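This report concerns only the one structure given below.
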Amino acid sequence: MNSSSEPTQSDQHRKRYTGTLAQEIELRWQEQWDVDGTFETPNPAGPLADPEALVGKQKLFVLDMFPYPSGAGLHVGHPLGFIGTDVYSRFKRMTGHNVLYTMGFDAFGLPAEQYAVQTGTHPAITTEANIANMRRQLRRLGLSHDPRRSISTTDPGYYRWTQWIFSQIFNAWYDTDIAKARPIAELVEQFEAGTRATPDGRAWASLSAAEQADVLDGHRLAYISEAPVNWCPGLGTVVANEEVTSDGRSDRGNFPVFKRSMRQWMMRITAYADRLVDDLDLLDWSDSIKAMQRNWIGRSEGAKVDFASSAGPITVFTTRPDTLFGASFMVLAPEHPLVDALTAPEHTATVAEYRRVAGTKSDVARQVDDKTKTGVFTGSYATNPVNGAQVPVWIADYVLMGYGTGAIMAVPCGDERDFEFARQFDLPIPAIQQPPAAWFEQRGIDAQVGDALDTSAWPEAFTGDAPYVNSSNDGLDLNGLANIAEAKQRTNAWLEAHGCGTATINYKLRDWLFSRQRYWGEPFPIVYDEHGNAHTLPDHLLPLELPPTDSFSPRTFDADDAMSNPESPLDRLDWWTTVELDLGDGPKPYRRDTNVMPQWAGSCWYELRYLDPTNDERFVDAAVEQYWMGPQGEGHPGGVDLYVGGVEHAVLHLLYARFWHKVLFDLGYLSSKEPYHRLFNQGYILAAAFKDEREIYVDAFSVDEHDGQFTYEGKPVTREWGKMGKSLKNAVAPDEIYEAYGADTLRLYEMAMGPLDASRPWETRDVVGMYRFVQRLWRNLVDEETGALRTDLPELDDETDRLLHRTIDGVRTDMDAMRFNTAIAKLIELNNHLTKLGGCPTAIAERLVLMTAPLTPHLSE
RNA sequence: GCCCGAGUGGCGGAACGGCAGACGCGACGGACUCAAAAUCCGUUGUCCGAAAGGGCGUGUGGGUUCGAGUCCCACCUCGGGCACCA
C-alpha cells in the first residue's frame, strides 16, 4: 500500500528494507519452514525417531512455561520469554545441538469457563478458537517450534494420561522407611505377610473389606478426606491453600474464602516435604525462588513436648526446647479439642464467648487486626515436665490450630509474642538467660549485674544468644551453657528419656486440595461401588472424556455466603454419573466421581508429553525420556535444560509439578528426579498506565503529555508503571509493529531492551532504533534498487577483520549466556563500522549473516 | 519485622578489580527536499573555557587496594516475597 501510493520513493528504493518488505520476507520464510519441516526435532526412539540425526549432537531441551489461551490474544508483552528461548534455541542448533523446542497450551480452568458462562458459548469451542488464534500469533513471530509436538491439556489424547497419572498416584503410598512412593499392592502384601502391623494390630485377613479400604486410604497419595478446606462461594468451588491470597481471598476472581470442613480429594504432597526442600540444592534456580519454596514448605526442626493436665497430656510443638525452663504458661488455639475439658466451670461463659467471637473472625480478620493480644484463662493448670511448675492454660487466637499442634508453651522472656501476651495479662516472666550488658545499653537501661534478671525492667523479650540461668533439674543442667544447638540436643535427649517429648520436624505445607466443583477440567477416573468404595477406571476406559453438555455453568453463590455448599456441574448429568461396568468381577452399577481436577493438573507433566506426543502405549517412552531429561553425571537430577517463565509460578505450578515428577520417578517411570533443572525467570514488559481522580485506568494511548504533566480529555491523570495488559489499558498489539517494521525488528527490540531477567518499560518510539540497524545491515549487503546482492562491496581490511573476530567471540559468549542485549550491541558496532566502510566485504558477509540469524531469522534467511 | 534483589547521563541500559557511560532512544547541528516525513552525516555525563585543556562524577558515609560502579562494613531509598508459623 505504502509503495504504490508513493510512486517516487518506490521507484528510487524499490527494495529498501521497509515494514512492507519485511512482512513479505517473513511470511515467505514462515511458509517455507513449515513446508520443509525445518524445526522438526528427531527423537532417539518411537514414532519421531531418527537416530542418525542425533549422531554427534548434544541434546538440549528448552522449555517455555506454556500459556493460557486467552481470548484477548497476545500483546507485545507476552512473548518476551518466547523470543528469548527462540533466539537461544536457534543459536544452540547452529552450534551443534539437537534442540527440543515447542509450545503447548494450558487450556483447562476457570477463565475459559467464566468466559463461556458470560457468552453462553461452550468452553470447548472458545478454547479451540483461542488456541488457533494464539498459534497463528506465535507463528508470526517466527518462533522455531516443532509443530508436531504441540499439545493442549484439553486434548483427550493428552488428558487420558493426566487421568492415568492420577490413577498411579491414587494407587501408590509413601514408604517412609525408604523415603519413596511404591504401588499400593506392595503395602497390601506387607499387611498380608504381617511384616507391617495394621493400625490396631489385628491380622489383615480379619479386617472387613471396608476396614481394609480405610487403612489403605490412609496411605494413598491421593485420598478423600473430611478436612478443613477453602470454600469459595463466589467461585462455587473449593480451592487449594496455594490459591488463597494472604488476605484470605481467591487468587482467581478475588472472592472471600472460608475455612469449612468438607469431604474432598487431597494429594499427600506433605509426604514429599523433605525431598522437595532438600532437592532444591540440586537445582540451578535463583535463590529467591528457592527461598519462596522453602518458605512455603516451612520446615522447622524442634520437639513435641507433653504437658500433663487434668484433661490428659497437652502436646505442644516448639523450635526451642532449650527454653523449656522458661515456659510459664500455655496457650491453646480457641478451636483446640481439649479446650472444653480444660475449662473450669466458673470460666465456661467467658471461654465460650471468646471462642464464639474467634469463630466468627475469618483467618483474614485474625491477621488484619493489629497484633494486640487477646485471650482468656481456662481456669486450668498444666505441669511443665522439666521443672514440675504448674502453669496456667489460656486460649488465644494468636495461636493457630492449623500449625504445629494448635498449642504452645509460652516462654515470655524469650519470645516476642509470648512477652506481649504476658504483659497484656500481667503474667510472670521468669528469666532463663542472662542478656549481655550491651543488650541493656542499646535499650537505654542501666542494669546492674544483680538485677539483670528482673524482667520487669525489660522492654521486650530477649531473643539472642546468651548463657542459660535457672535451667536445671535432677538430670538436666543447661546453666552457663551458651550454645543453643547443644542445649536443644540435651533437652531433647532428656525429654525422650523421660517419655514426655520427642525431637520432631514440623511443616507449614499442607496436603494439596485437588478437587474442584467446576466443569472445565479433567474428570476424575474414579467410580464408586454400592458401598461407596472408590475404584480407578482400568486403562482401557481412559480417557474418561468430559461429557458434553450445555449446562456447564457452575453453581455459584453469594460471595459471602459461607454456609452454602458446592455443587458439581457434572452431578446434574444423570446419564453420565450412573454407569454399569465390569471391573473384573462381573458387571455392576457404579457412580462416577463428579469433581474435576484443578487447573494445575495439566501443567504438572506437560514437558514429558512434548517428548513423545503421539505415544499411545505410554505417557512417554522410557528411552526418549532418558535421552531428553536423564541425569547428566553425578549429582545431576536430570530435567529440562532450560525452563523460562515468570516468577508468579514460584510456588504453585513449580511445587506441584515437582511433586508429580517425583512420584513418577519413585514408581520407576522416569530417570529424572526433577522436572526442571535450570529455571530462568524472565522479567516483564512494563508500560505506562494512567489513572484519573477516581483511581480508574484510562486509555493510555489517549493521554497527552505536557511539560511532564499528563492529561486525559483535558483532566489531569497520574502515571504509574505496570505489567502491560488489558486491565491497565496500555497493551500494544504486535500487529502494529509487524506492519511498521516487521517481526525481526520486534524480536530485536525486545531482546535489546535489557537483560532478559529484568523488567523494562515498553517505548514504542524506541523500536525504530532496531529498525535502523536492520535497514543498514540490509543496505550493506543488498542493492536497494534491484534487491540483488551488491557487487560494489569493499575489500576486507585488517581492521575490519579484527573487529569481525572480536565480534564473533563476543556474540558467541553473550548468546551462550543469554545476554542477547549485549550481543546485539556488538553486532550493531560491527555493522556501524561496515556502514562507514561503504558496505560489507564479501569475505565476511556470510559470518555477519550467521551471527544475526538467531535474532532476525527471516532477514538472515 | 524477616528473606531475596536493585540503585550508573534526559530515558532504556553497557562495563574479567584496570580509559565509567558500549549499544539504542531522545535532543541539538548539518545534508537531501519547494517543504515535511523517511534516510544519511556529525555532536551529546556535568561544570569552567573561544579552544587547547582542566575540575567533578556510578544512592550516602567509611574501609581494603598501586587502582573500586565492581570487594568489605554501616546506613538510605526503591522493587519483590513472606508475615502472630510457636
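Proteins get letters first, then strands, A, B, ... in listed order; numbering begins at 1 in each. Hydrogens, waters and symmetry mates are skipped; everything else that's a heavy atom, side chains included, is used. Quantities reported herein were computed from a predicted structural model and do not represent experimental measurements.
Searching all strands for a Watson-Crick or G-U wobble partner of B/G61 with both distances below 3.5 Å returns B/C73. Of all nucleotides present, only B/G81 satisfies the Watson-Crick or G-U wobble test against B/C2, with each distance under 3.5 Å. In this structure, B/U39 forms a base pair with B/A31, meeting either the Watson-Crick or the G-U wobble geometry with both donor-acceptor distances under 3.5 Å. Nucleotide B/C56 has B/G45 as its partner under the Watson-Crick or G-U criteria, with both atom distances under 3.5 Å. Pair check for B/G12 finds B/C23; Watson-Crick or G-U wobble, both atom distances under 3.5 Å.
Closest to the A/K508 side chain, of the nucleotides B/C25, B/G24, B/C82, is B/C82. Counting only heavy atoms from C-beta on, A/A825 has its side chain closest to B/C23 among B/C41, B/C23, B/C25. Listed nucleotides: B/C84, B/G13, B/C25. Nearest to the side chain of A/Y398: B/C84. Minimum atom distance to the side chain of A/M292 is reached by B/G81, of the listed B/G81, B/A86, B/A15. When distances run from any side-chain atom of A/K373 to the nucleotides B/A14, B/C84, B/C25, the shortest one goes to B/C84. Minimum atom distance to the side chain of A/Q775 is reached by B/U39, of the listed B/U39, B/A86, B/G26. Here the side chain of A/N832 is nearest to one of B/C82, B/U39, B/G24, namely B/G24. Comparing B/A86, B/C3, B/A14 by their closest approach to the side chain of A/L400 singles out B/A86. Of all nucleotides listed (B/A86, B/G24, B/G13), B/A86 comes nearest to the side chain of A/V399. Of the candidate nucleotides B/A86, B/G12, B/C4, B/C4 has the atom nearest to the side chain of A/S288.
Figure legend: A/K723 and A/Y684 shown as a cation-pi pair, the cationic atom lying under 6.0 angstrom from the six-membered ring centre and within 45 degrees of its axis.
Across the P atoms, B/A27 and B/C11 are found 15 Å apart, a figure rounded to whole Å. Of the P atoms belonging to B/G9 and B/A14, the separation is 14 Å, rounded to the nearest Å. Rounded to the nearest Å, the gap between the C1' atom of B/U58 and that of B/C71 is 16 Å. Atom C1' of B/A15 sits at a distance of 32 Å from the matching atom of B/G30, rounded to the whole Å. For the P atoms, the distance linking B/A20 with B/G54 amounts to 13 Å, nearest Å.
Among the atoms of the strands shown, none is found under 4.0 Å from any heavy atom of A/S286. Backbone-only contact: A/E829 has heavy atoms under 4.0 Å from sugar-phosphate atoms and none from a base. Heavy atoms of A/K836 sit under 4.0 angstrom from primed sugar atoms or phosphate atoms, though from no base atom. When heavy atoms are screened at a 4.0 angstrom cut-off, A/R510 is found touching no nucleic acid atom at all. Contacts of A/R776 with the nucleic acid, taken as non-hydrogen atoms under 4.0 Å apart, involve only primed sugar atoms and P, OP1 or OP2. Within the 4.0 angstrom heavy-atom criterion, only backbone atoms of the sugar-phosphate kind lie near A/T835; the bases stay farther away.
A close approach under 4.0 Å does not occur between any side-chain nitrogen or oxygen of A/N295 and OP1 or OP2 of B/C2. In terms of phosphate contacts, A/N821 brings a side-chain nitrogen or oxygen within less than 4.0 Å of OP1 or OP2 of B/A14. Look at A/R819 and you won't find any side-chain N or O under 4.0 angstrom from OP1 or OP2 of B/A14. The side chain of A/R772 places an N or O atom within less than 4.0 Å of a non-bridging phosphate oxygen (OP1 or OP2) of B/U39. An OP1 or OP2 oxygen of B/A38 is reached within less than 4.0 angstrom by no side-chain nitrogen or oxygen of A/R16.
Note: CD (A/E784) to P (B/C32) measures 19 Å, nearest angstrom.
Taking the six-membered ring for Trp, A/Y643 and A/F680 have ring centres at least 6.0 Å apart. Ring centroid separation for the pair A/Y272 and A/W512 does not come in under the 6.0 Å cut-off. For A/Y741 and A/Y749, the ring centers are positioned 6.0 Å apart or more.
Not a single donor-acceptor pair under 3.5 Å links the side chain of A/T856 to the backbone N or O of A/A853.
Taking the side chain as every heavy atom from C-beta outward, A/I429 and A/W458 never approach each other to under 4.5 Å. Side-chain contact check for A/N730 versus A/H75: every heavy-atom pair is 4.5 Å or farther apart.
Ring-plane geometry between A/Y676 and A/H653 is classed as tilted, the angle between the planes lying from 30 to 60 degrees on a 0 to 90 degree scale.
A syn orientation is assigned to B/G9, its glycosidic angle lying within 90° of 0.
Comparing A/R765 and A/R320 against RNA chain B, the residue whose closest nucleotide sits nearer the 5' end is A/R765.
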